[in-house]
Every structure is written in C-alpha cells, then in structure tokens.
Amino acid sequence: MFDRSRHSSRRLGFPGALAAFSCAFLAACGDGSAPAAYTAEELEAAKAELRDHARLRTFEAGKLFGEEWVARAPHDAELRGLYAYQLVGWRQSKEVHEQADAILADDPRDPWGLYAKAYAHYVDNNMGPALESVREAWEASPQPEFAFLYLRVLNRDDFETAWAFLESLDEETRGWPEVLRMRAELESQARYRREDPTWADSSRATWAVFKEEFPDHVLGYTRLANEAFQARRMDEWTPLMEAALELAPGSSEVRSQHWRGLWMSDLLPEEERRAAVEASMAAFREAGPETPPGLYAMATMYREMEDEERAAELEARIVAGDPTGNHASLIYLAQIRAENDRISELREAHGEDSPEHRAQLEIVRDAVHEYLERPLYDDTYLGTAYITLYFALSSMDPVPVEDFADAVRGLAAHERLNPHITFGTAPRALIDHTPYAMEAADIVREGVPIMLERLNESRDFFDTEGEYDQALRSSLSGIYDVIGWAYFKTGRAEDGRHTLERALAIAEDNRDVRYHLGQVYEQLAAEAEEEGAAEAGTAWLDQAEDSYIAGFGASRGTNPNEAALEALYESRNGSREGIDEYLATLDERDRIRRRERILESRVEAGGTYEPFVLARLDGEMVDSADLEGKIAVLHFWGTWCGPCIVEMPEYQKFDERYRDDPEVAVISISNDRSTDVIEEYLGKNNFDFTVLVDDGYVDRAGVSAWPTTWFVDREGGVQFVKIGTALKLDEEFSWRVEALREE
C-alpha cells in the first residue's frame, strides 16, 4: 500500500490542513463505527478544499482527501462531482464512472452526476457521449464548472462551436478562471484552425491576464513558463516556476515541468543538472503523500536522465503497492514498448533474417502475452498491445497461424487509433496467412462505421472537400478490396472479380486491388483452359498482365505486382529468357495499349454541346462561340471532388503544354459555390490555369459525373468524353488533342 500519512505535518500547497483532518477523521472511525457528524460549514469547506486542489493541480493529495470526505457524505452530489475531477487528474476512468453512477443512482438527471459522467467519457476519449452528458448538465444548471468541461469537450471535436459557445457566455462566467483558461487554449488553437499565427499573441496575452487576476492559480505560471521554456527564455522561466512551486510544491504536474526545465535547458552546467533535479524531487516527496502519479512522474524523469535502474526501482514500488492500478498498467505497457523498440535496432544492425532479429520477435510476442494475462486496470491499452503483437507476428517466417488470427481479432475488438490497419491491412493479412478469409471480410464490414467516423473526425485537416473525398474513396476501395480478396480465397472467383472491379472503379491507383484482380484473372484463365476455351483463357491472361502492369506503375519499391508480373511472364513464355527486356519496355507497352484504347473510345455520332457565356475568376467573360475553329478541351471539376483534386497537378502540366498554342483552347469549369474557395485552392498549389465559374451551366449541359472532360473538334462537335480520373492526364489528354489536330 502507498503511504498516505508519512508527511502528515508537511505543507501540501493548498489552504487548510489535510493531514490534521485525516488523522482526526481516522481516529474517529478507527473502531469501525459510523463516521462522525459534520456541519454544513465543514462540508462547504471540504468542497472548497477540493476546488483548491484543482486550482493547484495537487490531484495526488486531492484524491486522498476527496475519498475520505465522500465516505462521510456519500449522498452529496456536488462533493462527489468535485472528487471525480481529482480522479480525472489520476486518469482513473473506472473510478470516475463509479462516482457518476453513484450520483445518478440517487437522481438520473442530477447535473453533477451528468458532469461526472461526461468527465468519465472524456477520460475514455469517447467525445460523443461526453458532449451529450455535459450539454445536459449545463442546460440543467449553467454553472462555471460545467461551462469549462463543455468547452474542453467541444474543443476536441468542433473548434468553431466551442468558440461560439464561449462568446455566448455571460461576463461573469467568462471571467471564471477555468473558463478564462479555455479562452487562452482556444486562442492557441486558432493559430492552426484559422491559419493565423497572431492568435498565439492573443493566447499569451490572455494567460498574462489570467496570472494577474488569479495569482493563486498555478496554471497562470506554468503555462507562461512553458512558453518561456520553448523559446529558451530561462530568465523568464525561473521566477514563473518558482512561483508555481511556492503555490503547489506537492503537484507532480508542476514538479515534472520543473525537472524537465532544469535537465533540458542551459540554465545549469551539465554536471549540476542531476543534483538540481534530485533536490527538487526530494522537496516534492517532502511536500505531499506518496502516490502512484508522483512515483510515476519521478520514474519518467529518471528514464529521461537515462537512469534505468532508479526508474525501475520507483516503478517496482508502484506495481507492489497497486498492481492492478492504472499506473501499473502503464508500466507493463512500457515494458512491451521497450522490447518492441529493440526490433528495429536489431533489424538495422543484423538484418531481418538474422537470429538476433528473429529471437527479438519472439521476445515481443511473449511480452505481449504476459501483458494480456495480467490483471489490468482496464482495456484502454489492449489495442496498443494487440497492434504490437500483430506486427511482431507478421514479421515471423512462417507466420504462426492461430496466434496471428487471435492478434487480428484482438485488434478488431480493441484498436481504434489506426483504423486503416485494424480494418484494412490486418484483415488483408489474415486472408493471406490463415484460413479465416471470410472472418476477415466480416471484420471489415463491422469496421466500416468506425472507419467512416474516424475519417469524418479528421475532416477539418483536409484543405478541400476534394481531398477529403479522395481519402474517403481510398478507404472504401480498401474495404471492397479485402472483401473481394476474401471471396476469391474461398473459391468464389466471380464474386471476387465483381467486388474487386468495384474497388478499382472507386480508386484506380490502388495497387493492392490491381494485384488481387490480376490473381483473379489468372484463376479465371485457368478455369477457361480447363473448359477448353483457349481464346477466353488468353484474354483473361492479357487482363491479368494489364492489371499487374498498371499496379506496377502505381508505385515502385516493394510491390506485389512486380513479382506477379514476372511469374506470369515465365508461365506464358516457358522460361525467364528475355524478361529483362520485357520489363524494360513495360512503360512503352502500357503506353501503347492505353493510347489504342483511348483512340478507340471516340464518341459515335458526337453532337455539339450547350453554348455558354461564363465568367473567369477575374470577371472577364468567355463566350463559347469564340472557340469555333479551335480544338477545345472543356474540363468540369470542383475542389469538393476527390478524383478532381488527384489529377490537378497533371492538369496544370497539360494546360501549360497548350497554353501558347493558337489552335487549342484549354478551359476548366468549376461549379464550386464560391470563387474564394477556388482562388484559395489555386493559390495554395501554385496553379494558374484558366477557370470559369459555373452559373448553372453544368446542369443545363447535363454534366453529372466528376471530373468530366469534353474534347471538341474545330466544328464544335464533342469527339471524346473522359469521365473520371486520368492518372497520366497530360499524356492521355494530349493524345486526344493531337488526334483531332491531325484531322
């Protein structure tokens, strides 16, 4: 057990005397009798004490104080809510849930219960339920604590809504310290969200106001100290940290910041830094009770100072005192990570096939299994454990089938930070290495809502809707790829072909789909040969070859299409003779085939198009009648269109190719809702091709797919229509233009 009273006479860095109260309380209850009565004034003083712990970030002592008071007044919702915040400081989500449930058991609509439940979800990183709970708490009882948490949750999910909510608060609430803190944090976020670096000055100014208005609140000092440290202004850092330590000598959060500043700056000569850090550690231990967070903070700092032995001693104390606690689980996880880090070191030093590397893979596997067998605090870090196990097992040769399948199942159940692995790479590997192909497809199907939710959460990080759309298409293509590959592996070649071709239609540059389709085509060729349909078999092999070539061109380096293409060549030619020359001509072969298909795609009985008069971005009007006698390329796109965005660099090259050609007019027509969006996109990417702004023309002309490009002859007849992405746009568009020019 951890020592709660060893320093009972020491100052804890907050008003009141926790230790004296604890001793009196324990003495009164030591015989197991009912807790002593308390007055209303004493209860209010206890609540004030808990708020002081929050103000000073002394959660170590605050949690101990709070649990004793909750035992005395178990039905006071506000007391439990304030105690729950101390538990948040310990990252103890289970206990926060327990406090919330205890309050809500008395009254399901109690605002403090909803507040505590919101914090429990917040610690669990479940922002949706957290937002719902804190909104209900705020609407039921609009008080500053709830406003603070409401802003914290909103800021994680919706910056602009958080800002609007902050501005909607009355002056008194906006002046509450934690709400003012959120203003400073939102202003700091605005640097990135609004792409305006001057918000950093606003945030700094708000923190300065915070420190002046609330000189007994430790955050005003630590936040400004952190900024001074980042800028290496240690003359500013020192008095700020001294003031913070004077207020809260027993806060591990404040102390950790102090230790890092002493160790990682030039404030002290190198030979004096360790002694200074350890002196601060000694003062920390004298200032408050020994707790897992405090020991963990010191262990982390010792590891930063490369003293593994001392760090291990402190971690051993944590595990011995609370083997199922959150900090013990973090220590167990760190042991896995340390072993996993050795994998890359040994691979680099000795190679993937070395005995050292193979042995370390087994060590990591065993470390993860040991972790999974421990009595853990909760399931929070199981996803990290399973993804570590997955990568270790996938690097083994051979891959252990059942162990690997269990690792992928564990990923599907617990890992959510990397959905592209959990519901993409890992299920695909499950198909390749185990007999559980359809189980892999089921994992992907069940993961679709999670993948889409995660992608939607990151929507703000995309510059345009088109980039987001392309990421969405890539995810959907990957989903169909895994399902189609699973069909094929279970003997359903035709189902596999249709599903994989759908995946390819969504994202043409997916090399895995190209490879898998090639494999399907080879199987269909073999089936045709067995049925005596030699001509059909040859056609399927041609398709397989085309698929591999296209996939090989999608990206160089380690690419399954390359090996598959070589194997197919050897199979069709009876040997590898001439393969080097064959591979050397792949680009030209691909180019010839693409050109043939494109020229064969001429529109039969192509008619004229709807005339237009549209404005350029600079306001100048362009009349389609002026294009008569020229070869015209009319390209319909939008910044919201993913495939459009992908091909824009190539479109810029194509535009430059014909910009000064008097016989050719290259014009793009965007149907974005505002010219500001178009201009911002062009400016960011240094594009300067001609853009006309849609005024409803797209609908009048019947354009319904994006991107769409018309190639118009000198008489105004549409001769070629390209719908969808052209990965080699400059080349392929120019073939169409030159074909029209030759006529």
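Both backbone and side-chain heavy atoms feed into the values below; hydrogens, waters and symmetry mates do not. Numbers here simply count residues along the sequence, with the first being 1.
- A cation-pi contact, defined as under 6.0 Å to the ring centre and within 45° of the axis, is absent between R135 and W138.
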Taking it one step at a time, do E253 and L219 satisfy side chain to side chain contact (heavy atoms under 4.5 Å, CB included)? CA-CA 10 Å; E253 182 179 308; L219 280 179; 4.2 Å; yes
Side chains of residues 370-377: which donor-acceptor pairs under 3.5 Å do they make with residues two or more places apart or in other chains?
unit_1	atom_1	unit_2	atom_2	d
E370	OE2	R374	NH2	3.2
Y377	OH	S93	N	3.2
Y377	OH	K94	N	3.2
Y377	OH	E95	OE1	2.3

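- Remark: N126 engages no residue in a side-chain hydrogen bond (donor to acceptor under 3.5 Å, both in side chains) (not counting sequence neighbours).
- Here the side chain of S394 pairs a donor or acceptor atom with the backbone of F391 at under 3.5 angstrom.
- Under the 30°/60° scheme for interplanar angles, the aromatic rings of W163 and W199 are found to stand perpendicular.
- Side-chain contact check for L87 versus F59: every heavy-atom pair is 4.5 Å or farther apart.
- A cation-pi arrangement, defined by a distance under 6.0 Å to the six-membered ring centre and an angle within 45 degrees of its axis, is absent between R181 and W176.
- Environment of CD in E348: sparse, with no more than 12 heavy atoms of neighbouring residues, nucleotides or ligands closer than 6.0 Å.
- With 3.5 Å as the limit, one finds no donor-acceptor pair spanning the side chains of N326 and S329.
- Taking E272 as the reference, nothing meets the side-chain hydrogen bond (donor to acceptor under 3.5 Å, both in side chains) condition, with sequence neighbours excluded.
- Salt bridge R223/E185: present, at least one basic N to carboxylate O contact under 4.0 Å.
- The CG atom of D307 lies 11.0 Å from the CE atom of M301; values are rounded to the nearest 0.5 Å.
- No more than 12 heavy atoms of other residues, nucleotides or ligands shown are found within 6.0 angstrom of CD on E309.
- Inter-residue side-chain proximity for I318 and Y296 is flagged as met; some heavy-atom pair is nearer than 4.5 Å.
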Output, in order, the C-alpha distance, side-chain angles, deciding distance and verdict of salt bridge (charged side-chain N to carboxylate O under 4.0 Å, His left out) for R51 and E78. CA-CA 11 Å; R51 287 186 167 96; E78 182 180 5; 2.8 Å; yes
Starting from the C-alpha separation in whole Å, work towards a yes-or-no answer on ring pair (Phe, Tyr, Trp, His ring centres under 6.0 Å) for W259 and F284. CA-CA 11 Å; W259 302 334; F284 169 62; 5.8 Å; yes
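- Between the side chain of S188 and the backbone N or O of A184 there is no donor-acceptor pair closer than 3.5 Å.
- P289 has its side chain within reach of L64: a pair of non-hydrogen atoms, C-beta onward, lies under 4.5 Å apart.
- For the atom pair E453 CD and L455 CG, the distance stands at 11.0 Å (nearest 0.5 Å).
- Under the 3.5 Å distance criterion, the side-chain polar atoms of R310 are left unmatched by any main-chain donor or acceptor of A299.
- For the pair Y390/I421, a side-chain contact is recorded, criterion being any heavy-atom separation below 4.5 Å from C-beta on.
- Put simply, OG1 on T161 and OH on Y150 are 8.5 Å apart, with the number rounded to the nearest 0.5 Å.
- The side-chain heavy atoms of H121 and H97, taken from C-beta on, include a pair separated by under 4.5 Å.
- Of the possible donor and acceptor atoms, one in the side chain of E415 sits under 3.5 Å from a partner among the backbone N and O of N418.
- Exactly one residue among D158, L154, N155 makes a side chain to side chain contact (heavy atoms under 4.5 Å, CB included) with F165. That residue is L154.
- A 4.5 Å side-chain heavy-atom check between T238 and L240 finds every atom pair outside the cut-off.
- The side-chain tip of R183 does not point at the ring of W207 from less than 6.0 angstrom away and within 45° of straight on.
- For the pair R232 and F229, the cation-pi criterion (under 6.0 Å, within 45° of the ring axis) is fulfilled.
- Checked for salt-bridge contact, E315 and R303 meet the test: a charged N lies under 4.0 Å from a carboxylate O.
- Here the straight-line distance linking atom CE of M241 with atom CZ of R260 works out to 9.0 Å at 0.5 Å rounding.
- The side-chain hydrogen bond (donor to acceptor under 3.5 Å, both in side chains) analysis of residues 209-221, with sequence neighbours excluded, yields the pairs E178-H217.
- A 4.5 Å side-chain heavy-atom check between H414 and D379 finds at least one atom pair inside the cut-off.
- In this structure, the side chain of R273 engages the main chain of S265 through a donor-acceptor pair within 3.5 Å.
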Starting from the C-alpha separation in whole Å, work towards a yes-or-no answer on side chain to side chain contact (heavy atoms under 4.5 Å, CB included) for V319 and Y332. CA-CA 9 Å; V319 172; Y332 306 146; 3.5 Å; yes
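- The main-chain N or O of D341 is found under 3.5 Å from a side-chain atom of S344 such that the two form a donor-acceptor pair.
- Take F146 and apply the ring-ring contact (aromatic ring centres under 6.0 Å, His included) test, not counting sequence neighbours, and it matches W112, Y115.
- No more than 12 heavy atoms of other residues, nucleotides or ligands shown are found within 6.0 angstrom of CG on D266.
- Distance check, rounded to the nearest 0.5 Å: CZ of R317 to NE2 of H327 gives 15.0 Å.
- Looking only at distances, a side-chain donor or acceptor of S251 sits under 3.5 Å from a matching main-chain atom of R57.
- Salt-bridge check for R193 with E160: failed, with every basic side-chain N at 4.0 Å or more from each acidic carboxylate O.
- Every pair passing side-chain hydrogen bond (donor to acceptor under 3.5 Å, both in side chains) that includes a residue from residues 357-367 is listed here, sequence neighbours excluded: E339-Q360.
- In summary, E60 and R255 do not engage in a salt bridge, as defined by a charged side-chain N under 4.0 Å from a carboxylate O.
- Each of E308, E278, E313 was compared with Y302 under the side chain to side chain donor-acceptor pair (under 3.5 Å) criterion, and only E278 meets it.
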For side chain to side chain contact (heavy atoms under 4.5 Å, CB included), just list the numbers for T222 and V254, CA-CA rounded to whole Å, side-chain angles, deciding distance to a tenth of an Å, and then say yes or no. CA-CA 7 Å; T222 57; V254 176; 4.1 Å; yes
Would E167 and R174 count as a salt bridge (charged side-chain N to carboxylate O under 4.0 Å, His left out) if you check the C-alpha gap in whole Å, the side-chain angles of each, and the deciding distance to 0.1 Å? CA-CA 8 Å; E167 293 297 297; R174 286 203 303 271; 5.7 Å; no
